[in-house]
Colleague: 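This is the structure, below, for whatever I ask next.
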Amino acid sequence: MTEFSGLGLIEPLLRAVAEEGYSTATPIQAGAIPLLLAGRDVLGLAQTGTGKTAAFTLPILQRLFQNKKRVAAKSPRTLILTPTRELALQIGDSFTTYGRHLPIRRTVIHGGVGQSPQVAAIARGTEVLIATPGRLLDLMAQNHVRLDQIEVFVLDEADRMLDMGFIRDVRKVVAVLPKERQTLLFSATMPDAVVDLANSILTDAERIEVTPQSTTVERINQRVLFVERSDKRRLLADLLEDSAMARTIVFARTKHGADRIADHLKKAGIAADAIHGDKSQSARVRALESFRAGELRALVATDIAARGIDIDGISHVINFDLPNEPESYVHRIGRTARAGTDGSAVSFCDHEEVGYLKDIEKTIRQPIPADTDHPYHAVDVAQIHASSKPPPRPKAPGSNRNQNNRNQQQARPRNAGTNPAPKPAAPAKAAQPKPVAPAAKAPQKAGKPTGAPRPDAARNDQNRHDRRPAPHAVSHGNTHGASKQTPRAAGTPGGNTPMRRKPSAA
DNA sequence: AAAAAAG
């Protein structure tokens, strides 16, 4: 357990943290905050829900405050790039919350809304600029923002950024940043493209890993319900009438589908709304806010909400459609079981989705127990699934073949990049696993550490002065000896899947 | 294949 008070944070920040009700740092916070305060570059393998946002918000605020200087008009000192507008707003909130006792301004810019207020705020001067790529480039082209004073650059959700085709935009932005700066790159996975990007923008970075996936997945009660496509909506409405499903996020594969599902629920008298990329920004904000406020029983979303969005108290995730990308399944169900609570993930599987289900089971290395005790159970779909292959056996770690499926193979710290790495005069302290209990309460819930960051090698970059070796090798221990994925007994319904209803009138 | 992001 690491207390925030021991991380070297200044009083106004500790006060804000305490006011939020937190005292214990999550592993990524315990590991990253001292490094970031010391000015190091960090490569963080982590997704939201591990406390990642606070892990960089707090030290950035502190550094900006301690090296206080006048902000020239249009010239922010920190740039944070995120793939989605919602994420940008969320990070903006984090700066507001933790910076409330410091005179540090922050501005969020993204598309879908008028640019004038954003332009005005930047012109007035803002220490922190949080942006989605499109609007940032837009404002840069119009000379409304300059990036030549950037001291800290954060690239959040880098893998997703690349998935969404932002690599060129990111490169354009990086090209105009000062070479001498502190850079943080966060990514949930490490495909080659992210490794390349990390190599080119980080200098002498520490790598910090947390594995929310395996651990989160463990705490989630997963079930699959075989159902014909035509019965899905009725099944969903039935499930949602159950009072246990107080706050449920329903994932659909398409934007249109999400709308139709939300309409159907509304007609059935269930407070629901949809969120997806075709909705106006105000509608997106409204849906998210009312869901957060508890006014909606269900939020129907596309994968816009699969990652990153951090909402407390989501009791259930329902995959109305199975994602065709297995990784997406893991991200989706990770919306529940946060803050150390339990959660349930219920996946509908129809005829055409059996193959997706198989892929998912392979990726998570465990079969998902079927729950047949519901009114719309489709026997034939279940049979297709049962006969298609034996349930996947857990494989030995290291046998995974998929770049995206990174979460089994880390455990040993590595350099951020792949370049041959002459070790600088860094304290070669072996990474001794020092147990760090998973934080029960921290700005953004718990995660688990796996890797011990280690002062590491130089890169091929020209500018690498101002980079000191790590003052100490932070070693957060491997706390998840017990967190290996254990396949559950298939078909053993246990726990809180609320589906004991008898066929309703339909 | 769909989704996100600048219009």
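These numbers come from the heavy atoms of this one structure, side chains and all, not from hydrogens, waters or symmetry mates. So you know, we letter chains A, B, ... as the sequences are listed, proteins then strands, and number each from 1.
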Colleague: Taking only side-chain N and O atoms of A/Thr302, does any of them lie within less than 4.0 angstrom of OP1 or OP2 on B/dA4?
Modeller: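 For B/dA4, OP1 or OP2 has a side-chain N or O of A/Thr302 closer than 4.0 Å.
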Colleague: Can you measure A/Gln115 atom CD to B/dA5 atom P for me and round it to whole angstrom units?
Modeller: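 That distance rounds to 17 Å.
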Colleague: In whole angstrom, give the distance that lies between atom CG of A/Asp163 and atom P of B/dA4.
Modeller: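 Answer to the nearest Å: 14 Å.
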Colleague: Please determine if a side-chain N or O atom of A/Arg85 lies less than 4.0 Å away from the OP1 or OP2 oxygen of B/dA5.
Modeller: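 Result: yes.
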Colleague: How long is the line joining CZ of A/Phe166 and C1' of B/dA3, in whole Å?
Modeller: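 So the CZ-C1' distance, A/Phe166 to B/dA3, works out to 11 Å.
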Colleague: Is A/Glu353 salt-bridged to A/Arg253, cutoff N-O under 4.0 Å?
Modeller: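 So A/Glu353 does not pair with A/Arg253 through a salt bridge.
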Colleague: What is the nucleic acid contact for A/Gly165, judged by heavy atoms within less than 4.0 Å: base, sugar-phosphate only, or nothing?
Modeller: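 If one applies the 4.0 Å heavy-atom cut-off, A/Gly165 turns out to touch nothing in the nucleic acid.
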Colleague: In whole angstroms, how far is the C1' atom of B/dA2 from the CG atom of A/Asp278?
Modeller: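 Checked: the CG to C1' distance equals 11 Å.
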Colleague: Which nucleotide sits closest to the side chain of A/Glu325: B/dA6, B/dA4, B/dA1?
Modeller: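 Between B/dA6, B/dA4, B/dA1, the one nearest the side chain of A/Glu325 would be B/dA1.
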Colleague: Under 4.0 Å: is that the gap between some side-chain N or O of A/Arg160 and OP1 or OP2 of B/dA5?
Modeller: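 No, because none of the side-chain N or O atoms of A/Arg160 sits under 4.0 Å from OP1 or OP2 of B/dA5.
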Colleague: So, does A/Arg284 get its side chain near the phosphate of B/dA5, meaning an N or O under 4.0 Å from OP1 or OP2?
Modeller: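 Yes, such a contact exists.
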Colleague: Whole Å only: how far is the CG atom of A/Asn319 from the P atom of B/dA2?
Modeller: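 About 18 Å, once rounded to whole Å.
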Colleague: Report yes if at least one side-chain N or O of A/Thr254 is closer than 4.0 Å to OP1 or OP2 of B/dA1; otherwise report no.
Modeller: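 For A/Thr254, the contact criterion (side-chain N or O under 4.0 Å from OP1 or OP2 of B/dA1) is not met.
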Colleague: Please state how far atom CZ in A/Phe320 lies from atom P in B/dA2, giving the value in whole angstrom units.
Modeller: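 The answer, rounded to whole Å, is 17 Å.
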Colleague: Please check if any side-chain donor atom of A/His331 sits under 3.5 Å from a side-chain acceptor atom of A/Asp303, or the reverse.
Modeller: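 Looking only at side-chain atoms, A/Asp303 and A/His331 do not form any donor-acceptor pair under 3.5 Å.
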Colleague: Relative to the ring of A/Tyr376, is the ring of A/His374 parallel (under 30°), tilted (30 to 60°) or perpendicular (over 60°)?
Modeller: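 Tilted: the ring planes of A/His374 and A/Tyr376 meet at 30° to 60°.
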Colleague: Heavy atoms from C-beta onward define the side chain here; which of B/dA2, B/dG7, B/dA4 lies closest to that of A/Arg253?
Modeller: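 Among B/dA2, B/dG7, B/dA4, the one nearest the side chain of A/Arg253 is B/dA2.
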Colleague: Expressed as a whole number of angstroms, how long is the span from A/His144:NE2 to B/dG7:P?
Modeller: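 Roughly 13 Å, once rounded to whole Å.
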Colleague: What's the NZ-C1' distance between A/Lys279 and B/dA3, to the nearest Å?
Modeller: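 Interatomic distance, NZ of A/Lys279 to C1' of B/dA3: 16 Å.
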Colleague: Can you find a side-chain donor-acceptor pair between A/Thr183 and A/Arg181 that sits under 3.5 Å?
Modeller: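 Result is yes, a qualifying pair exists.
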Colleague: Is the closest side-chain donor-acceptor distance between A/Thr53 and A/Ser94 under 3.5 Å?
Modeller: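 No donor-acceptor contact under 3.5 Å links the two side chains.
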Colleague: With a non-hydrogen cut-off below 4.0 angstrom, is A/Asn324 in contact with a base, only sugar-phosphate, or nothing?
Modeller: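 Answer is base: heavy atoms of A/Asn324 come under 4.0 Å of a base.
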